[in-house]
Structures are given as C-alpha cells and as structure tokens.
Engineer: 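The structure's right below; bear with me while I get my questions together.
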Amino acid sequence: MKALTISDKENMIMALQDEIRRNDVSRYDHRLHGVLLIAHGMTCPEAAILLGDSPRSVVNWVQRFEAHGLAGLSEGQRSGRPSRLSERQLEKIGAALRSTPSEFGIPTTMWDGPTLSEYIRREHGVALKVRQCQRLFRQLGFRLRKPRPQVAK
C-alpha cells in the first residue's frame with residue numbers, strides 16, 4: 001500500500017494540535033491516548049514527542065491516572081486570573097461603547113483599543129493594556145470597526 005502524506009505538514013500539525021486543545025473533551029481524549037501509549041510500553045519522552053507535548057505532561061497524566069483512574073484525566077476547574085473589572089463595571093463599559101468617546105471627554109469619534117483603555121483608566125481607575133481592551137470588545141459583543149477613507153471626487 002502506498003504511504004499517505006499530508007500536504008503542508010508543519011502547519012497542519014500545529015492546526016491539529018490547536019484543535020485538540022480547543023475543548024475539554026478533546027483534551028481528555030488526548031490524555032487518554034498518552035496513557036494508552038505508556039500502557040503499550042512507550043516511554044514518556046517517546047509518547048511526548050509523538051503527541052507534541054512535554055514529557056513532564058505525560059508523566060503527570062500517568063501519575064493522575066494511577067492515583068485516580070479515568071477521573072484523573074478529566075480536566076479540573078481552571079480559575080485563571082481574576083478579572084480586574086467587576087460585572088457592574090463591564091455593564092457600564094458596554095453602555096459607554098454604545099455612545100461616542102467624545103461624550104466622555106475623549107477627543108475622537110470611534111472606539112478602538114487605545115481609546116477604550118483611556119476611558120477605563122479615567123472612569124474606573126483601572127489600567128488595562130490596549131490588547132486587553134481589544135479582547136473586551138469581543139467579550140462585550142462588539143467588533144472593532146475601522147473608518148474607511150473617502151475617495152476624493
């Protein structure tokens with residue numbers, strides 16, 4: 001039988017690994033495969049290379065599996081860093097985004113990352129970087145619009 005190949009292999013490997021990391025179920029299946037490879041006699045470094053993970057991750061999966069069975073491979077709660085803005089502040093920011101920045105004393109007509117960062121610093125006393133403000137647009141259901149230049153007549 002002819003060996004199969006994947007076109008653009010390097011990019012496809014990264015895309016497939018991103019897809020695996022996208023949700024809890026696929027990450028659980030990925031860890032199952034890692035433990036299965038170890039059960040078949042593969043070493044942790046070999047399994048890690050094959051799966052695209054660190055050997056330490058594979059060791060952790062096997063140890064959790066040995067200690068807790070299949071439940072040890074399930075994803076625990078990921079708390080992450082607490083938000084610097086309260087729900088009330090996010091509501092106020094969402095309402096502000098429905099108006100113009102000039103209504104808040106910011107001399108521009110459209111919201112963007114730097115403008116939102118300035119508004120949050122002034123109104124809420126919280127310093128957020130531009131990139132985090134750009135994420136806030138999506139989180140609050142807005143999308144960034146760029147003005148289109150008008151063609152001279």
Engineer: Taking Ser117 for its side chain and Leu128 for its backbone only, find out whether a donor-acceptor pair lies under 3.5 Å.
Structural biologist: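 It does hold such a pair.
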Engineer: Judged by atom type as modelled, is there a donor-acceptor pair below 3.5 Å linking the side chain of Arg121 to the main-chain atoms of Ala127?
Structural biologist: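 Flag not set: sc Arg121 to bb Ala127 has no pair under 3.5 Å.
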Engineer: Taking Glu46 for the side chain and Thr43 for the main chain, is one N or O donor matched with an acceptor at less than 3.5 Å?
Structural biologist: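 Looks like yes, one N/O pair under 3.5 Å.
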Engineer: Check the surroundings of atom CZ in Arg88: do more than 12 heavy atoms from other residues, nucleotides or ligands lie under 6.0 Å from it?
Structural biologist: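 At most 12 heavy atoms, drawn from other residues, nucleotides or ligands, come within 6.0 Å of this atom.
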Engineer: Given side chain to side chain contact (heavy atoms under 4.5 Å, CB included), test Ile38 with Trp61 step by step and report yes or no.
Structural biologist: CA-CA 10 Å; Ile38 301 304; Trp61 301 339; over 6 Å; no
Engineer: Check side chain to side chain contact (heavy atoms under 4.5 Å, CB included) between Phe65 and all other residues, then give those that pass, not counting sequence neighbours.
Structural biologist: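 Only Val35, Leu70, Leu73 meet the side chain to side chain contact (heavy atoms under 4.5 Å, CB included) criterion with Phe65.
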Engineer: So, Asp112 and Thr115: side-chain donor and acceptor under 3.5 Å apart, yes or no?
Structural biologist: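 The criterion, which ignores hydrogens and geometry beyond distance, is satisfied for Thr115 and Asp112.
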Engineer: How close do Phe142 and Gly94 get, heavy atom to heavy atom, and via which atoms?
Structural biologist: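 Scanning both residues completely, I find the closest heavy atoms to be CZ-O, 3.6 Å.
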Engineer: For atom CD of Glu87, is the number of surrounding heavy atoms from other residues, nucleotides or ligands below 6.0 Å larger than 12?
Structural biologist: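 Atom CD in Glu87 is not packed in, count stays at 12 or less.
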Engineer: Give me the atom names and distance for the closest heavy-atom approach of Gly34 to Leu51.
Structural biologist: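 For Gly34 and Leu51, the tightest heavy-atom pair comes out as CA-CD1, 3.4 Å.
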Engineer: Please give me the minimum heavy-atom distance between Cys133 and Gly113, naming the atom from each residue.
Structural biologist: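 Minimum heavy-atom contact is CB-O, 3.7 Å.
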Engineer: Going by heavy atoms in the side chains, are Ile13 and Ile6 under 4.5 Å from each other?
Structural biologist: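 Of all side-chain heavy-atom pairs linking Ile6 with Ile13, none is under 4.5 Å.
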Engineer: Could you pull out the closest heavy-atom pair between Cys44 and Val58, with the gap in Å?
Structural biologist: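 Shortest heavy-atom separation between Cys44 and Val58 comes out as SG-CG1, 3.9 Å.
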Engineer: So does Asp53 pair up with Arg21, basic N to acidic O under 4.0 Å?
Structural biologist: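 Arg21 and Asp53: salt-bridged.
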Engineer: Looking only at the aromatic ring of each residue, does the gap between the centers of Trp111 and Tyr119 stay below 6.0 angstrom?
Structural biologist: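 Under 6.0 Å, so yes.
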Engineer: CE/Met14 to CD/Glu19 distance, rounded to the nearest 0.5 angstrom?
Structural biologist: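 It is 14.5 Å, given to the nearest 0.5 Å.
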Engineer: Do you reckon Leu116 sits in the same ILVMFWY cluster as Phe104, going by side-chain contacts under 4.5 Å, direct or chained?
Structural biologist: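 Cluster IDs for Leu116 and Phe104 match.
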Engineer: Run the side chain to side chain contact (heavy atoms under 4.5 Å, CB included) check on Leu37 and His40 step by step: do they pass?
Structural biologist: CA-CA 5 Å; Leu37 291 173; His40 277 292; 5.7 Å; no
Engineer: With heavy-atom distances below 4.5 Å as the criterion, would you say the side chains of Leu136 and Leu97 are in contact?
Structural biologist: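 They are not in side-chain contact.
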Engineer: Calculate, to the nearest 0.5 Å, the distance between atoms CG and CG belonging to Asp24 and Asp29 respectively.
Structural biologist: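 It comes to 11.0 Å.
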Engineer: Does the side chain of Leu90 come within less than 4.5 Å of Leu85's, by heavy atoms?
Structural biologist: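 Contact flag for Leu85/Leu90 side chains = yes.
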Engineer: Would a hydrophobic clustering, with Ile, Leu, Val, Met, Phe, Trp and Tyr connected at side-chain separations under 4.5 Å, put Leu50 with Tyr28?
Structural biologist: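 Yes.
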Engineer: Is there side-chain contact between Gln132 and Arg84, with at least one heavy-atom pair below 4.5 Å?
Structural biologist: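 Result no, sub-4.5 Å side-chain heavy-atom pair not found.
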Engineer: Main chain of Gln134, side chain of Arg138: is a donor-acceptor contact present, judged purely on distance under 3.5 Å?
Structural biologist: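 No: the side chain of Arg138 does not pair with the backbone of Gln134.
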Engineer: To check you understand the geometry: which heavy-atom pair defines the closest contact between Gly52 and Gln17, and what is its length?
Structural biologist: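 Shortest heavy-atom contact: CA-NE2, 3.3 Å.
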Engineer: Which heavy atom of Ile120 sits nearest a heavy atom of Val126, and at what distance?
Structural biologist: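 Scanning both residues completely, I find the closest heavy atoms to be CG2-O, 3.4 Å.
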Engineer: Under the side chain to side chain contact (heavy atoms under 4.5 Å, CB included) rule, what do Glu75 and Arg31 come out as? Steps first, then yes or no, please.
Structural biologist: CA-CA 10 Å; Glu75 189 128 312; Arg31 290 189 288 270; 3.3 Å; yes
